[in-house]
Amino acid sequence: MASFLNSKRIVFQCMILVLSITCSCLHASEPPLTLDYYKSTCPTVLDIVKKEMECAVLSDPRNAALILRLHFHDCFVQGCDGSVLLDDTITLQGEKKAPENLHALKGFRIIDRIKNRLESECPETVSCADILTIAARDAVLLVGGPYWDVPLGRKDSKTAGYELTEANIPKANDGLLSIISKFIYQGLSVTDMVALSGSHTIGMARCVNFRERIYGDFTATTGMNPLSQKRLSSLSSVCSPDSKSDQNVSALDYVTPNLFDNSYYHILLKGEGLINSDQELYSSVLAVETKRLVQKYAENAIAFFEQFSESMVKLGNITNPETHANGEVRKNCRFVNT
Ligand code: HEM
Ligand SMILES: *[C@@H]1O[C@H](CO)[C@@H](O)[C@H](O)[C@H]1NC(C)=O
Ligand SMILES: *[C@@H]1O[C@H](CO)[C@@H](O)[C@H](O)[C@H]1NC(C)=O
């Protein structure tokens, strides 16, 4: 199995290599992302984002999770280009109402607030895609996670990808191979996938996304131990078998729901992962490499933080060359400039 995945990965990586060679020839003038992109045009950008994120996370730690997830959903659809932030208009179908995003994405007003402040400080300079990337880093840091430097210089898209959202965003009940292939498709590795899934150490999921899991193999993966049975009954009281409780929520990491730590992986070791895709990393019969990584990050929080930081830079680096060449800096993150 592992060697099958490896060869599949190598094929994909070669494809990506070939593509990126072609792309860099076509768009040779497009500069890569850099750490000092706004050094002369908006030197206070990092301070402003940080201040606003401090207020947002202080008022509700869930806001950290909302912004982190927004960034992920942005980058997996057309690259990190702020496409997820666009509202529906007569001429544009946004991504917000795509089934995987509807009722699931929040935090847009936090981005609006940061954008407003930046527009008065340095008008028409900082892209919404960059704001979201910096805000996601600050979000993680503010709830106890690692720091990493954020390469900047993204452009905002003039289009959104409603259908691509359905195709690219991993779903709660996707199997392990499906999830792996969605990450490989973006140029991310199995290791990136396991580390980035550690984001589920914060935030909430709705019952509609974990009902199949708790009425499915939850008891089996926990080995029927009494504490896990208690956990299961408390989940069942929030999430009834009927659809009335669809929008009821539970913490993805019930041990330390507002702390960015490695307890998500400890929960997987106990077989108590809240959504199917989480527990699959450890319990799937196909989980060889992913199981080893879950064990490693459970044992070693520093190794998790280091890999998470590295993988977040890779996530933030996903680029659609088309957007990058034809993109803009939006004045309002919800609308393409007129
Ligand atoms: C590996 C595949 C993944 C799957 C299948 C998945 C799926 C989900 C689902 C179903 C939810 C609950 C949403 C809801 O019920 O409203 C969720 C929440 C969340 N996801 Fe993921 N996710 C994945 C990877 C990621 C990655 C890579 C990140 C960030 C880099 C991330 C960040 C989050 C966060 C922070 C939340 C909590 C959001 C909140 O509190 O509203 N996820 N995810
Ligand atoms: C939603 O969760 C609450 C507990 O948090 C529970 O009392 C209520 O019955 C749930 N709603 C449904 C429709 O199951
Ligand atoms: C980011 O992407 C560019 C090509 O788009 C690539 O040259 C560079 O190595 C990538 N950097 C990282 C850290 O993945």
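Order of listing sets the numbers, starting from 1, for every ligand and every atom in it.
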**Q** Taking non-hydrogen atoms within less than 4.0 Å of ligand 2, which protein residues qualify?
**A** S237, V238, S240, K244, S245, N248

**Q** Can you confirm, on distance only, whether ligand 3 has an N/O atom lying under 3.5 Å from any N/O atom belonging to K314?
**A** no

**Q** Taking the side chain from T290 and the backbone from L281, do they hold a donor-acceptor pair closer than 3.5 Å?
**A** yes

**Q** Hey, is E166 close enough to K171 for a salt bridge, meaning N to O under 4.0 Å?
**A** yes

**Q** Verify, without hydrogens or angle tests, whether R137 (side chain) and W148 (backbone) share a donor-acceptor contact under 3.5 angstrom.
**A** yes

**Q** Tell me whether the rings of F260 and F304 are parallel (<30°), tilted (30 to 60°) or perpendicular (>60°).
**A** parallel

**Q** Does K314 pair with D192 as a salt bridge, N-O distance under 4.0 Å?
**A** yes

**Q** I'd like a table of donor-acceptor pairs (distance under 3.5 Å, sequence neighbours excluded) in which one partner is a side-chain atom from residues 195-205, with atom names and distances.
**A**
{"from": "S197", "atom 1": "OG", "to": "M193", "atom 2": "O", "distance (Å)": "2.8"}
{"from": "S199", "atom 1": "OG", "to": "L196", "atom 2": "O", "distance (Å)": "2.8"}
{"from": "H200", "atom 1": "ND1", "to": "D278", "atom 2": "OD1", "distance (Å)": "2.9"}
{"from": "H200", "atom 1": "ND1", "to": "D278", "atom 2": "OD2", "distance (Å)": "3.3"}
{"from": "T201", "atom 1": "OG1", "to": "D253", "atom 2": "OD2", "distance (Å)": "3.3"}
{"from": "T201", "atom 1": "OG1", "to": "L259", "atom 2": "O", "distance (Å)": "3.2"}
{"from": "T201", "atom 1": "OG1", "to": "D261", "atom 2": "N", "distance (Å)": "3.4"}
{"from": "T201", "atom 1": "OG1", "to": "D261", "atom 2": "O", "distance (Å)": "3.1"}
{"from": "T201", "atom 1": "OG1", "to": "D261", "atom 2": "OD1", "distance (Å)": "2.8"}

**Q** Can you list every side-chain hydrogen bond (donor to acceptor under 3.5 Å, both in side chains) pair that touches residues 100-112, not counting sequence neighbours?
**A** H73-N101, D112-R334

**Q** Is the shortest distance from a Lys or Arg side-chain nitrogen in R117 or E52 to a carboxylate oxygen in the other one below 4.0 Å?
**A** yes

**Q** Write 'none' if nothing qualifies; otherwise put on separate lines each N/O atom of ligand 1 with a protein N/O atom under 3.5 Å away and their distance to 0.1 Å.
**A**
{"from": "ligand 1", "atom 1": "15 (O)", "to": "R206", "atom 2": "N", "distance (Å)": "2.7"}
{"from": "ligand 1", "atom 1": "15 (O)", "to": "R206", "atom 2": "NE", "distance (Å)": "3.3"}
{"from": "ligand 1", "atom 1": "15 (O)", "to": "N209", "atom 2": "ND2", "distance (Å)": "2.7"}
{"from": "ligand 1", "atom 1": "16 (O)", "to": "R206", "atom 2": "NE", "distance (Å)": "2.8"}
{"from": "ligand 1", "atom 1": "16 (O)", "to": "R206", "atom 2": "NH2", "distance (Å)": "3.4"}
{"from": "ligand 1", "atom 1": "20 (N)", "to": "R69", "atom 2": "NE", "distance (Å)": "3.4"}
{"from": "ligand 1", "atom 1": "20 (N)", "to": "H200", "atom 2": "NE2", "distance (Å)": "2.9"}
{"from": "ligand 1", "atom 1": "22 (N)", "to": "H200", "atom 2": "NE2", "distance (Å)": "3.0"}
{"from": "ligand 1", "atom 1": "40 (O)", "to": "R62", "atom 2": "NE", "distance (Å)": "2.6"}
{"from": "ligand 1", "atom 1": "40 (O)", "to": "M204", "atom 2": "N", "distance (Å)": "2.8"}
{"from": "ligand 1", "atom 1": "41 (O)", "to": "R62", "atom 2": "NE", "distance (Å)": "3.3"}
{"from": "ligand 1", "atom 1": "41 (O)", "to": "R62", "atom 2": "NH2", "distance (Å)": "2.8"}
{"from": "ligand 1", "atom 1": "42 (N)", "to": "H200", "atom 2": "NE2", "distance (Å)": "2.9"}
{"from": "ligand 1", "atom 1": "43 (N)", "to": "H200", "atom 2": "NE2", "distance (Å)": "3.0"}

**Q** Before accepting this row, confirm whether a basic side-chain N of the pair D217/R213 lies closer than 4.0 Å to the acidic partner's carboxylate O.
**A** yes

**Q** Angle class for the F183/F72 ring planes (parallel below 30°, perpendicular above 60°, tilted otherwise)?
**A** parallel

